[in-house]
Every structure is written in structure tokens, then in C-alpha cells.
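Read through the structure below, which is laid out as C-alpha cells, and then see the notes.
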Amino acid sequence: MNTAATTDPDGSGWYEIRLHGRLDPRWSARFDGMTLTTGDGFTLLAGRVVDQAALHGLLHQLRDIGLPLVSVTQVQPDDATRPSAHTHRAPGA
Amino acid sequence: MPSPLVRTKLYVPPVRRGVVARPRLAERLGGDRQPRLTLISGPAGFGKTTLLATWAESAGAAGRPLAWVSLEETEQQPGSFWTYVVNAIDTAAPGHVGGLLPLLETPHPSMESVLATLVNALQAMPEGLDLVLDDYHLADGAAISSDVAFLVEHLPPDVHLVISTRADPALPLARLRARGELVEIRAADLRFTLDEVASYLNDVVGLDLDAREIADLEGRTEGWIAALQLAALSLEGREDAAGFIAGFAGDDRYVVDYLVEEVLGRQPGAVRDFLLDTSILDRLSASLCDAVTGGVDGRAVLESLERANLFVVPLDDSRQWYRYHHLFADVLRAHLLEQRPAELAALHRRAADWYAAADEPGPAVRHALASGDVEHAADLIERSIIGLLRQRQEPMVRRWVDDIPDDVVRRRPVLAVGFIGALMSSGDFTSVPDRLDDVERLLADPPGDMVVLVEAELPRLPAAMETYRAALALVAGDPAGTVAHADRAIATAAPGDDLTIAAASALSGLARWSSGDLEAAHRGYSVAVRGLEHAGNIADVLGCSITLGDLRVTQGRLGDARRTYEDALRLAATHQTDPPLRGTADMVVGLAQVALDRDDLEAARAHLARLDELGELNGLPQHPYRWRVARARLRAIDGDLAGAVALLEEAERVYVGDFSPNVRPVAAQRARVLVAHGRIDEALDWAREHHLAPDDDLQYVREYEHLTLARILMHRDSAGLCTAQGLLERLRAAAEDGGRGGTLIEILTLQALAHHAEHGRHDVPGALAPLVEALRWAEAEGYVRVFVDEGAPMAALLEAVVRRDPASTYARRLLDAFDRTTSAPAQQGLADPLSARELDVLRLLAGDLDGPAIARELVVSLNTVRTHTKNIYAKLGVKSRRTAVSRAGELGLLARTSR
């Protein structure tokens, strides 16, 4: 796992989480506030995580649906995945 | 009242029909040499629980006890975690660990003593035990993992722990692995092999697929069992199996997404809606499902889901409760959230209403919060909070404090005061003063939007708040403040608010008890008992009666103490006889102690035997340590030193004060046993560890310890004797001032002995003066043991009393008691037991008197002492005084029980 970029003491910041397998867009509602992008055999969840507890909570949810985790990267907001045709934003995000 | 257990969590899941036999895994689970820990670690849907259930069935068939806990998030709290573990063990093998439950019910159980006692209890289980903790990841956290690590380290050889989890637990796995004490079954092992896939799809489901199709499915699902089950459901009854498999294998979507969509697509619309609507529930019952879906056929649907293997898991034998398989529920919830997000709140709201009507505030509040309606959640909490606090469900209420925003709480005085109660009983005092001030301001000038759901609760608040302030003062070590607030609480209590009056009176009594004003303490507790009795809270009447009895014993009023216990027993019996009301055992311990004081050993034994019938569960939180103390005292009287010390050490581990001041610390009682057996150095160690010095300022709470210190010093050397006398004189003045007659009797007897030890025959009247006073105090109450326990020197003094005043029938009676109490020869562990007189000499040899002084002490000639000494050496097989004393110590012969 990669932990570059800014380090807030609480670990708050933008994260990209890469998963093996293509997750249906419906899950974006479940991962409230994260953008969900899918590509060829992978899924990218990106968005702001308020602190480490929230990040671990998110990872727990991913663990519980059994999708293999490929990487967790902290990124600059500018680098964060832009909404695109394949991107589904959660309501209110 | 004990917390209501969710019994379904202790239910060993049944093995479903049509499970693929997995001998390769069963072998590792049930091998001949079982490891300390078996870890089954893998993602959801990998068949962990099924594997365990299959194994449990065979272990059960082999007659080995198996305890099962299906953990949930509420078990992140150690109290809840261990309560389920202990209950599971008690269910699997009744009668070994039940005694731990009262300990766990106290507001802050000491996990150290719980675990130590648990390990001891496990050791005593003849058949061994398998303990299964399923879904451990839900409970895992810092608090739980350190406790479980301790348990794993200390497991007896015949007890095995089996953990199933989605994430490796924070246990010292590397160390266990290195020692060969860990068996792991991990995702790679759990996945179905190609053969197992074939066996499942063709033999169990009966799909008749060819090798290529099997291989495709295995490749696409990677042996993930839940995915294969879903695939099987999609394939059943399908014409074009090959087409489906080709489509599935060629898709790179998340397998479960793909398959659940397939499965849902094949269900009738009504079933699909049912599945989505009820996916918000942690548990499913027909009635709850109907309430949430608005339908009427919940039972039929649940049964058909179970028949169709649609991921419902029965939680009991009677098919009342089910749950969805976690993975399936997760996907259903994602579908619900995507398809009908607007309905989510209404579904949760209906679930909350159902649970509220079923009087289950826990899940009701959880669903109300999930529906986003904080006011509704606050309403539910406000309506149930008084009852929950009364049932000692503080941890549940405590969790809600963080869930309800402050601005909602600030408009609801009843809720706010309830939260204060929950915070205080969980030892969380920091925010309490501010919260009390907030409520006071609110009540002084109620705004238009103030919420009070139960008007009758409003007049109770001011007194309740004063009671909490009294408790805060007590915690802050301010007895005067405690009494002042408690008095105000009593003065402002609403008419008929017996419980608040009782609580305030008990707090006031407690403050006075700690400061040594026993009579005022007794008054406070008496008012508390009347209030509790009036409110029908008999269990707490028994709890307070422990204190009332203790106070009377310290005051030297054995008769009143006995009446207190007997009255409480009568009261308890009028309310419940079968099984006897909880707390009955505590009263019986009190009676045993009074019987011991009076040397009625037969009665004491009978009382203690009754405790075995009642069982440890019949006791209140203090019971585990109190009965051990009483039993240890009887063992000491019987001359079983090692047994007495061992029991006292156990008592120390399971000590629970339950808010009472620790006025007779178990460690001090242990030090006394050591002194009585001549182990002065060890007793001195105790005094040092507890920072006791003879010139300390005297406080009542340490009176027993200072008196113990005086006993030790008296036996150390002549300088110690002198220091002890000074300390005794000061203790005497304090005990007289405080009206503590029971303590005074003991002080006076020690003063007599100390004086005699210093002056011997030169000033017998000087020794007799305090003794005669002690007799005067003791006679009416029938004290015996406080004299007899002092052995030969006391007997000699009592003989002098009788010589001087032949009419002193009480002194004669005491001397008779000395004669009754001779060490039974069989207990000496010697082929040729010592005579009573030889034992007297031996005990004096353990002190620092020389031969002539011993002769003076026993009023015999020096030659006689020499003869006795020679015989003692021969019988013990030693050659010197020093080795005689150490051998006698080992044999427990130094107990001063015989004359």
C-alpha cells in the first residue's frame, strides 16, 4: 500500500482504492461520497476520507463483500479521478 | 436484574442438508492432538461456519462439551463478550463457570479476576472443552484481543479455542505457530477444490454438468463457496446451462453482483421485494418481516426461502428467527439502496416501531437512528431509559449518549438526566457537572420546545439530580458534600419516589460509613432499605442488608447483625422461594460469620453447606469473595493453613467492592492468618506493600489494617511489642469514639496479651484490666472466637480471671471452648501427633521468648519446657528450634487454635 502525498495527523485526505473485479455501479450508494469508476476487470473508488477511522471502516466494508484489494493510495485532490462516463457519483456527494 | 441474553447467539447452527463432505478440513479440525488455538480465517461466504457446524456435530456426537458463541459488534465491549463466553460454557458444561456471572454484572468488572477465575474453572473441567468463537472479527478490538490472548496463553491442555474470522485476530499468532500450538485453515484451504465443486454441483445439487463446465465455474468463482451456491441457484431448472456458464465466465463483473442479479431475476416480484425490504434487518421473524414489508405472508416466505436455500440461516430450533447470510444481505442492501433509496427511511421506521412494540429498545433505537429520525430515536430512548437503568442496562444507554446530538438532549430533561445516570454508572464523570447544570437551567426556565414524554417523570428530576451530585461528591472524596447533596435530594424528592430517596439515603450512609460514623451510616441504609422494600426492589434490599449486617458486626452487635440477615431472608422468602431470590446466599454468608464469631462451628458448617445448594449464581456481586473469606476462616480454625491462605488469595482475585468501602481488605485477613501461624516476615511484607506504619494518622477505613499491623508487631520482637502497644492505645481511643464495639473487643484482647507479653507474672492485674473490659463488652453478644483464636496465652489469662473471680461464668465458658478446640491429631500430618501442651510450647518457640520466659508464660518449670521441647523435636524429626519452627510452619501446626 502506498502512503504518499500530504499527511494530515488524522489521515484525512483523498484516497484511491483499487479493487480486483468490476463492481456494479449500484454500490456507489453504499460507499457514500466516493466516486466509483470501473475499468477492465478493476474498480476504482476515489474520494475524501475524513480520518483513519473512516478509512478503516471503508476497508472493512470492502473486506466484507470479499473483493480482492489491490492498492490504497493517498492522492492530491487534483489528481483524484474526474467524473467520467463510467463514473457514478453517490447521491449528495 | 441480569442482562437479557440473546440466546440465539449461543445456538450451534444446524448442518444443512446437502453439504459437501470435506474430509481434508475435518481432519485438521479434529486431529488427535488438538492445538491450543484453531484459526479459521477467510472472507465471507467461504464456508467457515458450515465447516465448524459440521465439526461441532461430530464433536457433540463424541460427547465432548462444545461451547459456541456467534459474536456480534455489541461484543466489542468486554463485559458483553465474556458474558456470552461464560454463558456458552455454562450451557455446554453446566456448573463450572456460572459463578463468574455475578462478577460480570458489576458496572466495572475486573477482567483480570474474571479471566483468572475462568482459567481456574476451565482447569477443573474433567472432560475438557471446545470453545468456538464464530465471526470473531465483529468483536475484535484492543480490549478483546488482550483478554483473549491471556486466555489462549493460560488454556488448560484439554481446552481448545476455535476462532473463525474474516481478518486475522490481534493474537500472538507467530509465537503460537512457532510452538506448534496453532492450526490454521485459511482462504486457500477453504476454497472448494475442483473435485469439491464437482461433488457439490453434480452430486449435491444434481445439475449434471460436464467436466469443462465444472472447470469454468471453478475458474470463474475461484472456489468461492457462496458464489458457487448462487451459481447453482441460477442453474437449477435452466434449459441452457452451457449458455449461462459461458456468459458468466466471460464477464469480469464482481461474481456476487452478477449472480445475485441472476438469482433475483429468477424470483417472483413479490419475493424480490421481500428480500430487498427485509435486507435492512439483522434478524428476521415472520411478524417483524410483515411489519416491515406491510405483507402478511412472512412466515410462508421465510420457510420457502429456507427450502430454496436462499441464504437464510435459522437461528433457533423452532424456526422463529432467521438471518440472511452476511454476504447475501450486503448485496441485497446495495440493491435496495440503489433501487429505492427513498423508501429506506420508512422501512427502518417500521422496524423501529415493531421493536418498540416488542419492548426491545436496543434494536428499536438502532433502526430509528438508521431512519435518520433522531427525534424518534430520542423518543424511544426517553420512554425506555428509566426501566433500562433500573435493570442495570447502562452500557446500552451509554452508547446512545454519543448517538443523540446535544441540542436534542438539551431540550429533553428526562432524557438528559437518564444519560447522566448512564454516564455515572459507567464511571464516565467528566461531562456530568456540565450536563447537570444544563438541565438545571432548562428546568428553571423551560423553553417552548422542551420535550417531556412522561409528565410523571418531571417532578422526580430535581431529587435525582441532587443524588447524582451526591455521588459525584463521593467519588471526589468529599463525604461532607455527599451528605449535603443527599440530604437535599431526600428533602426535594417527589412524594412516593421511594427509589430516589433510597439511593440518596444509601449514598449518605456510604459517606458516613467511610468516615467511620457507623450509627449514622446504619440510619441511612435503614431508610434506603425501607424505600427499596416499598418500591418492591427486594434484590437491592438484600444488597443493603449486607452492609447493615457488616455495620452491626463492627459495632459489636452480633445479635442485631444476625437479626438483620434473618429478617432479610424472611423477606426474600415471601417474594420468591424457588429458586431462592438472588442475594439469599449473601445473607447465609453473614449468618455463617456470626456463627463463627460465636464458635458455633456446627451452625457455621451448615450455613456454608447451604451455599453449595444455593450455588454461586445466587449471590450478589460481592458474594464470590465473601463466601471464600468465610470458608477460609473455617479452614484456619480447622488448622488448614495452606487451604485458608489459598482461599483468601482466590478471594482477593475475585474481590468486588460494589461501591462499599473496603474496610476489611482480604490481603489484611491473609496477613492475619500468616501471623497466627508464625510467618511474621511474610506478614511484614504485606504491611510494607500497603504502606502501613504505626505512626500513621488513623482513619476508620484503614482501622482493620492498622489493627493487623499491631498484631504483626506484637509478634516481631520486644521493640515491636512496645510500638504495637502505642498503636493499640490510639486505635482503642478511635474505636471508642466511633462506637465500634466489635473492633474495641479485639483491641482490648490484644492489649491484654501485649501487656502480659511485656510484664508476665509481674503485672497480671495490668493485663487483666483490658481483658475484663473486653469480656464485659463481649458477653451479652456471645463472642467466643475473638478470645479462643489467641490460643494458649489467652487461655492462661482467662484462667487468671477465673481464679480472681470464680463467679465469672463467661470466662469459664470461654475456657471450655478452648478445650473443645484441640487440633485433631489426624490433621497434623505426623505419625506421632503432638499433644495440646506440646503445641502450646511449639507456638511459643516460634516467637522470640527464651526458655525461662516460655516457662513463665505457661506457668511451668523450665525443666518441663525442656522435656516438651525434646519431645517436639523428636516427633518433628528435627534437631534445632529454627528447623522445628519452619517444619511446624509447613505442617500448619502454628495455628493458635488449641489450648
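Labels below follow one simple rule: chain letters A, B, ... track the order of the sequence lines, proteins then strands, and each chain is numbered from 1.
Separating the OH atom in B:Tyr254 from the NE2 atom in A:His20 is a distance of 13.0 Å, to the nearest 0.5 Å. Here B:Leu138 contributes atom CG and A:His60 contributes atom NE2; the two are 9.5 Å apart, rounded to the nearest 0.5 Å. We find the CD-CG distance between B:Glu261 and A:Asp24 to be 5.5 Å, quoted to the nearest 0.5 Å.
With sequence neighbours left out, B:Asp134 forms a side chain to side chain donor-acceptor pair (under 3.5 Å) with B:Thr49, B:Ser164.
For a heavy-atom cut-off of 4.5 Å, chain A lies close to B:Leu327, B:Asp330, B:Val331, B:Ala334 in residues 326-334 of chain B.
With hydrogens and angles disregarded, no donor-acceptor distance shorter than 3.5 Å links the side chain of B:Asp257 to the backbone of A:Leu23.
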Test side-chain contact (heavy atoms from CB on, under 4.5 Å) applied to A:Asp40 and B:Asp252, step by step: CA-CA 8 Å; A:Asp40 194 10; B:Asp252 66 351; 3.5 Å; yes
